[in-house]
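Just follow the structure's listing: the first ligand is 1, and inside any ligand the first atom is 1. These numbers come from the heavy atoms of this one structure, side chains and all, not from hydrogens, waters or symmetry mates. Note that the numbering runs from 1 along the sequence shown for the chain.
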Amino acid sequence: MDVQDPRLRSLLRQANKVADAGKRAAAEQLYRQLLEEGPEVAEAWYGLGQVVNDVAEQKAAYQRALALKPDYAAAARSLAELRGEPVPEWAEAAEMDEEEDEPEEETAVPQPEPETPVHTAVPAAEVEEYELVCYRHPKRPTSLRCYNCNKPICSSCAIKTPVGYSCPDCIREKEDIFFNARPIDYIIAPAIGLVLSLVAGYLVSRFSLGGGFFTYIIMFFVGGIVGRFIGQLSKQAIGRRRGRYLPQVMVLMLILGTAVWLMPYILLGGFGSLILFLGPGIFLFVAGGALYSYMK
Ligand SMILES: [Zn+2]
Ligand SMILES: [Zn+2]
């Protein structure tokens with residue numbers, strides 16, 4: 001590796017690591033990102049050739065690598081193999097040396113700098129890590145990487161998950177699989193929810209308005225049952241698909257369906273005697289919570 005820019009060098013090392021781990025798509029992305037900044041890095045063209053699937057692209061990448069570095073043995077070999085030609089002798093011989101070169105450079109990197117107090121605060125290995133930059137913010141150095149695709153991410157892009165930090169792309173990909181509701185489901189489920197809520201809301205407003213302590217206890221249990229029931233029915237109707245905003249929409253329907261019946265009382269007496277609405281309030285609170293968690 002004779003890449004001068006330390007940032008590109010670090011990117012290259014990382015891309016190679018990802019490629020070695022067999023994550024071809026992620027490696028391809030890293031090589032391309034690297035080549036955008038440093039199209040003169042022959043090693044990156046070679047690496048790209050190793051991870052793309054299209055044969056024409058592989059060829060083109062190796063040719064670019066060789067154009068930049070005519071004595072690039074590994075690229076010459078790969079290109080020859082791709083074309084079904086014999087590997088040039090010079091390449092066979094040179095490749096032996098190349099392989100010996102690499103570990104030498106790795107061990108040469110962590111040289112401690114004795115007389116510079118600024119640098120001693122940070123271990124050499126860490127400095128190396130910070131040469132990475134966020135793939136969405138090329139100006140932000142970072143040491144974080146997405147656990148899933150291994151791309152470097154800055155702390156404001158990283159999303160903490162139970163298994164590690166993830167990049168927004170991977171999160172979205174997972175969510176798209178998770179939230180599988182069709183647009184029509186956003187009509188079906190809320191419609192069912194509204195009808196059921198209107199019925200429940202009517203009964204609740206009829207029997208619990210101005211009720212006493214015993215009513216509150218009943219509303220507490222009824223709320224849990226009704227919320228779950230509405231969730232069950234509407235979820236069944238949409239084939240148990242999940243929607244990102246469905247829980248919120250369903251709770252809104254519940255509030256609407258109940259509030260309609262309370263409106264006359266509110267309009268007539270206002271919230272003047274709040275205690276009057278305590279029964280329906282408990283119902284809404286418990287049912288809303290049950291519905292929300294069921295829809296999630
Ligand atoms: Zn990712
Ligand atoms: Zn970022």
| said: Is the positively charged end of Lys69 above the ring of Tyr72, judged by distance under 6.0 angstrom from the centroid and angle within 45° of the axis? | reply: yes

In the structure I gave you, are the side-chain heavy atoms of Leu132 and Ser10 within less than 4.5 Å of one another anywhere? yes

**Study point:** Ionic contact status for Arg24 with Glu28, cut-off 4.0 Å
**Key:** no

>> Given the ring of Phe178, does Arg242 sit roughly above its face, with NZ or CZ under 6.0 Å from the centre of the six-membered ring and within 45° of the axis?
In response: yes

Angle subtended at the Zn ion (ligand 1) by Cys149 SG and Cys170 SG, to the nearest 10 degrees, is 110°

Rounded to 10°, the SG/Cys157 to the Zn ion (ligand 2) to ND1/His137 angle comes out at 100°

For SG in Cys146 and SG in Cys167, the angle at the Zn ion (ligand 1) (nearest 10°) is 110°

